[in-house]
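Data block below; observations after.
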Amino acid sequence: MTQLSETVKELIAKARIISFAEWDKSHSKAEIAIFQAADDAFRYLSDEDLLQIQTKSSDNSELIPVAVLLRDRAAEIVDEAREQVLTTYPKIIQPGGGLYPPERAQACWRDFWHFLRCITYGIAGGHADYTNPTGLHYMNLLYQELQVPLDAMLLGLKSIKAASLKRCPANQQEILNPYFDHLITQLATFQVR
């Protein structure tokens with residue numbers, strides 16, 4: 001595996017997608033702590049986490065099952081998004097491609113998994129505007145430093161949305177669109193160097 005530079009390591013540590021800073025208007029400190037603990041551990045919300053959130057705040061309880069569904073189907077959603085990227089950009093994982101060598105591709109697929117994880121936090125918390133501008137700034141710098149193919153990442157995020165929504169009840173898809181579109185819009189502002 002390729003050694004990461006100190007700059008890249010620093011950027012990785014600062015590139016946090018989500019922020020709960022504005023959630024204090026709608027969630028208790030205890031609820032925010034549940035979300036924060038999951039994010040700090042880079043994990044999806046557990047059944048216990050979601051039960052506690054649902055118990056403390058019934059305002060968004062109808063979307064909790066969607067967060068569970070997406071969490072439980074995350075692997076297949078990410079696989080579907082990956083297949084879409086590879087179909088659209090077949091040479092991307094070959095020598096000279098933006099996701100070569102294989103470690104680069106694996107990092108990309110991990111990012112897809114994390115994108116979906118953060119989207120599920122937004123859904124479970126009822127916050128479509130869940131991103132951290134500072135964290136996204138560092139993520140942009142990280143992607144520039146690593147020369148991540150943004151067109152492929154954006155397609156992957158759009159594919160995550162499509163794969164997720166088709167697994168959700170039709171009557172909830174319109175409600176869920178903003179949670180995906182928010183991160184898609186943010187990623188679309190990233191600069192290529």
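All values derive from a computational prediction rather than experimental measurement.
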Looking only at heavy atoms, which two atoms of [X] and [Y] are closest? And how far apart?
{"X": "G98", "Y": "P149", "result": "O-CD, 3.6 Å"}
{"X": "A124", "Y": "I64", "result": "O-CD1, 3.8 Å"}
{"X": "P65", "Y": "E62", "result": "CD-O, 3.5 Å"}
{"X": "A163", "Y": "E80", "result": "CB-OE2, 3.5 Å"}
{"X": "P178", "Y": "A128", "result": "CB-CB, 3.9 Å"}
{"X": "I32", "Y": "W23", "result": "CD1-C, 3.7 Å"}

Once rounded to the nearest 0.5 Å, what's the spacing between atom [atom1] of [X] and atom [atom2] of [Y]?
{"X": "F180", "Y": "S164", "atom1": "CZ", "atom2": "OG", "value": "4.0 Å"}
{"X": "E103", "Y": "C108", "atom1": "CD", "atom2": "SG", "value": "13.5 Å"}
{"X": "L51", "Y": "D47", "atom1": "CG", "atom2": "CG", "value": "8.5 Å"}
{"X": "I160", "Y": "I77", "atom1": "CD1", "atom2": "CD1", "value": "8.5 Å"}
{"X": "L70", "Y": "R167", "atom1": "CG", "atom2": "CZ", "value": "9.0 Å"}
{"X": "L187", "Y": "M153", "atom1": "CG", "atom2": "CE", "value": "6.5 Å"}

Show the atom names and distances, to 0.1 Å, of all donor-acceptor pairs under 3.5 Å that link a side chain in residues 83-90 to residues at least two apart or in another chain.
| residue | atom | partner | partner atom | Å |
| --- | --- | --- | --- | --- |
| Q84 | NE2 | T88 | OG1 | 3.2 |
| T87 | OG1 | E83 | O | 2.8 |
| T88 | OG1 | Q84 | O | 2.9 |

| Side chain Q173, main chain L165, donor-acceptor under 3.5 Å | yes

| Charged N to carboxylate O below 4.0 Å: is that the case for R71 and D49? | no

| said: With a 4.0 Å cut-off on N to O distance, would you call D111 and R117 a salt bridge? | reply: no

Residues two or more places apart in sequence or in another chain: which of them pass ring pair (Phe, Tyr, Trp, His ring centres under 6.0 Å) with [X]?
{"X": "Y138", "result": "none"}
{"X": "Y121", "result": "none"}
{"X": "F115", "result": "none"}

| message | Show, in sequence, the C-alpha distance, side-chain angles and deciding distance for Y100 and I93, and conclude whether the side-chain contact (heavy atoms from CB on, under 4.5 Å) test is met. | response | CA-CA 5 Å; Y100 184 86; I93 59 172; 5.7 Å; no

| Where at least one partner belongs to residues 85-102, residue pairs that pass salt bridge (charged side-chain N to carboxylate O under 4.0 Å, His left out), sequence neighbours excluded | none

| message | Classify the ring geometry of F35 against F20: parallel below 30°, tilted from 30° to 60°, perpendicular beyond 60°. | response | tilted

Once side-chain contact (heavy atoms from CB on, under 4.5 Å) is applied, do any residues pair with [X], and if so which ones, sequence neighbours excluded?
{"X": "T131", "answer": "I17, D129, L136, H182, L183, Q186"}
{"X": "A30", "answer": "S28, K56"}
{"X": "D181", "answer": "K161, N177, I184"}
{"X": "I175", "answer": "L63"}

| task | Please assess L99 against W109 for the test side-chain contact (heavy atoms from CB on, under 4.5 Å), listing each intermediate value before the final yes or no. | result | CA-CA 10 Å; L99 295 181; W109 314 142; 3.9 Å; yes

| said: Show, in sequence, the C-alpha distance, side-chain angles and deciding distance for L50 and I34, and conclude whether the side-chain contact (heavy atoms from CB on, under 4.5 Å) test is met. | reply: CA-CA 9 Å; L50 291 165; I34 294 167; over 6 Å; no

Does [X] have any side-chain hydrogen bond (donor to acceptor under 3.5 Å, both in side chains) partners at least two apart in sequence or in another chain, and if so, which?
{"X": "E48", "answer": "Q52"}
{"X": "E22", "answer": "K25"}
{"X": "R73", "answer": "E76"}

| L69-L176 co-clustered via ILVMFWY side chain contacts under 4.5 Å | no

| said: Please tell me whether W113 and F42 form a close aromatic pair, meaning their ring centres lie under 6.0 Å apart. | reply: no

| task | Could you tell me whether the side chain of K14 reaches within less than 4.5 Å of the side chain of M139, counting heavy atoms only? | result | no

